[in-house]
Amino acid sequence: MAQMIPLEDYIARVLEAIVPLTSTRVALGEAHGRILAEDVSAAVPVPPWTNSAMDGYAVRAAETSGASAQAPVVLPVAGDVPAGAAPTPLAPGSAQRIMTGAMLPEGADAVVKVEDTDQAPGPHPLPERVEIRVAAREGLNVRRAGENVRAGDSVMAAGTRLSAAAVSALASVGLGSVPVAARARVAVVSTGAELRDAGESLAPGAIPDSNGLLLAGLVSEHGADCVSVARSGDSAEELAAVLRRAAAGADLIVTSGGVSAGAFDPLTMLAHADQREGAPVHLDFVKVAMQPGKPQGHGWVRADDGRRVPIICLPGNPVSVLVSFTTIVAPALARLADVDSSLPDLPGRPTLTARAAAAWRTPPGRRQHVPVRFTEPPTEPAAGSVAGADAGDRIGAPSGPDAAPDAGASWVTPTHRLGSGSHLVASLPAAQALAVVAAEVESVEVGDELPLIPLTGSCPSGRPVRVDAP
């Protein structure tokens with residue numbers, strides 16, 4: 001029996017064959033969801049000019065000294081300053097009506113909000129005079145140019161995935177385009193003669209091809225482009241042809257199924273069928289010390305243009321696909337995007353921690369990745385079981401001082417009573433994270449603290465706690 005290798009060692013092998021793609025520059029309107037390729041600095045200060053923080057009246061603070069409701073200072077109103085206008089200088093002994101965000105006139109050093117005057121808020125004709133009913137201080141209700149960001153300040157780091165808020169912030173500092181990582185083109189291939197289209201009537205022995213849809217969605221959720229989804233039967237010849245077609249427009253190929261030791265596993269048959277020098281497909285298979293997802297494969301497919309397109313071969317069971325994609329393919333996509341590998345939130349790494357709300361046993365000698373959901377802390381013993389390597393493990397309330405419920409902690413429970421069983425596809429939508437159990441841990445007890453890998457697209461309902469990168 002082939003010796004199992006640690007997951008980290010296998011990921012390192014996969015990443016060795018992946019060359020980062022060249023970054024590109026895109027307009028901000030096309031940047032949402034992309035990964036920033038370089039640190040960026042502000043082109044203009046924020047605010048770009050000194051402006052009013054209130055609707056009110058721009059004044060010289062010294063000219064309002066002693067003002068109160070009982071003894072207001074009365075100033076003539078010299079004009080309006082709407083947002084977007086370049087105001088005239090403020091004449092001594094006068095005020096100008098000003099809107100929120102409008103540029104502060106030269107000579108003014110404070111804004112008295114309209115509520116502290118005799119004027120009513122809202123659209124009204126410009127008054128000839130205004131009663132100032134508070135003594136203003138210099139800088140009152142004024143936003144100074146550059147007080148948030150100065151021109152040249154670093155505002156966002158390479159590796160940032162550009163959310164709507166991030167794109168908005170980049171626009172506010174004067175940028176119209178940004179350098180972003182190339183979006184990897186990924187081809188998905190499902191293997192198995194038994195696979196049928198979703199919704200198609202199933203003959204005996206046939207099953208829906210859920211993996212093709214799962215992988216295509218995961219590719220998109222991780223910021224890459226799924227350029228094709230194909231299926232192959234169980235012959236090495238058919239699979240080789242499908243892989244060559246997939247390589248034509250792809251930077252990475254991801255397959256599901258056919259990597260075990262079965263008599264009709266097409267990828268293993270293909271690996272053994274053609275070992276010639278210059279063969280169009282090269283594959284290596286290993287046993288990884290993880291559950292689910294022990295059988296894994298990787299290599300390359302030669303495209304018609306001569307490129308060696310990397311291929312990552314995942315097992316066929318749906319939970320194995322999810323776990324393998326999260327822990328192996330996601331880091332490969334990050335490498336293609338040239339994301340800094342030192343970042344603590346690199347895909348596939350635990351970034352949260354929570355306590356186990358249920359107990360289960362673990363497979364000996366293999367790191368376990370259990371799909372979990374956030375839940376309430378356990379309060380009373382309950383009957384049931386959650387299985388890892390074995391069934392029949394009790395779910396119950398915490399016991400002992402280390403397992404006492406913690407009001408500030410997040411709690412998780414496996415999404416299915418059979419734990420990390422690799423065929424449990426129907427329970428996958430409930431999964432919000434993968435709980436990581438080290439290979440040397442024999443069982444998880446209620447209250448044990450577990451590292452979590454968040455699943456892309458999930459919305460944890462608990463209170464996740466950040467942890468340092470492993």
Side-chain angles (χ1 to χ4, degrees), residues 7 214 217-218 221-222 290-293 317-328 330 345 347-363 366-379 381-398 402-403 405-467 469-470:
L7 175 59
L214 174 60
L218 288 170
E221 288 176 0
H222 283 77
M290 62 186 288
Q291 190 222 31
N317 285 315
V319 180
S320 295
V321 169
L322 176 67
V323 170
S324 301
F325 190 101
T326 303
T327 56
I328 300 167
D345 56 351
R349 293 179 179 173
T351 57
L352 308 175
T353 186
R355 292 185 180 274
W360 68 86
R361 294 185 63 83
T362 61
R366 287 197 281 166
R367 180 185 302 173
Q368 191 182 39
H369 299 85
V370 181
V372 295
R373 58 181 175 82
F374 288 87
T375 187
E376 294 298 318
T379 55
S385 64
V386 176
D390 301 300
D393 300 298
R394 182 178 62 85
I395 302 175
D402 293 335
D406 181 350
S410 295
W411 292 78
V412 292
T413 188
T415 56
H416 194 281
R417 65 182 181 81
L418 297 179
S420 59
S422 59
H423 60 293
L424 303 173
V425 63
S427 65
L428 283 186
Q432 296 172 304
L434 298 179
V436 182
V437 185
E440 63 271 15
V441 175
E442 296 183 356
S443 64
V444 173
E445 304 300 333
V446 175
D448 284 354
E449 193 169 74
L450 298 168
L452 303 181
I453 303 173
L455 293 175
T456 302
S458 68
C459 299
S461 58
R463 292 176 293 277
V465 180
R466 296 288 301 185
V467 295

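Heads up: numbering here begins at 1 and tracks the sequence. Keep in mind it's a predicted model, so treat the numbers as computed, not measured.
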Please report the closest heavy-atom contact between [X] and [Y], naming both atoms and the distance.
X	Y	result
Asp448	Ser443	OD2-O, 4.2 Å
Leu452	Ala354	CD1-CB, 3.7 Å
Pro292	Met290	O-CE, 3.4 Å
Ala358	Val444	O-CG1, 4.2 Å
Thr375	Ala357	CG2-CB, 3.7 Å

Using modelled atom types only, decide if a donor and an acceptor are shared between the side chain of [X] and the backbone of [Y] within a distance under 3.5 Å.
X	Y	answer
Thr353	Leu450	yes
Thr362	Glu442	yes
Gln368	Val437	no

In Å, rounded to the nearest 0.5 Å, how long is the span from [atom1] of [X] to [atom2] of [Y]?
X	Y	atom1	atom2	answer
Thr415	Leu428	OG1	CG	6.5 Å
Arg361	Glu445	CZ	CD	9.0 Å
Leu455	Phe325	CG	CZ	11.5 Å

Trace of the side chain to side chain contact (heavy atoms under 4.5 Å, CB included) decision for Leu7 with His369: CA-CA 11 Å; Leu7 175 59; His369 299 85; 3.9 Å; yes
Report yes if the side chains of Val319 and Pro371 come closer than 4.5 Å at any heavy-atom pair, otherwise no. yes
Heavy-atom check, side chain of Ser410 versus side chain of Leu352, under 4.5 Å: no
For Arg373, salt bridge (charged side-chain N to carboxylate O under 4.0 Å, His left out) partners two or more places apart: none
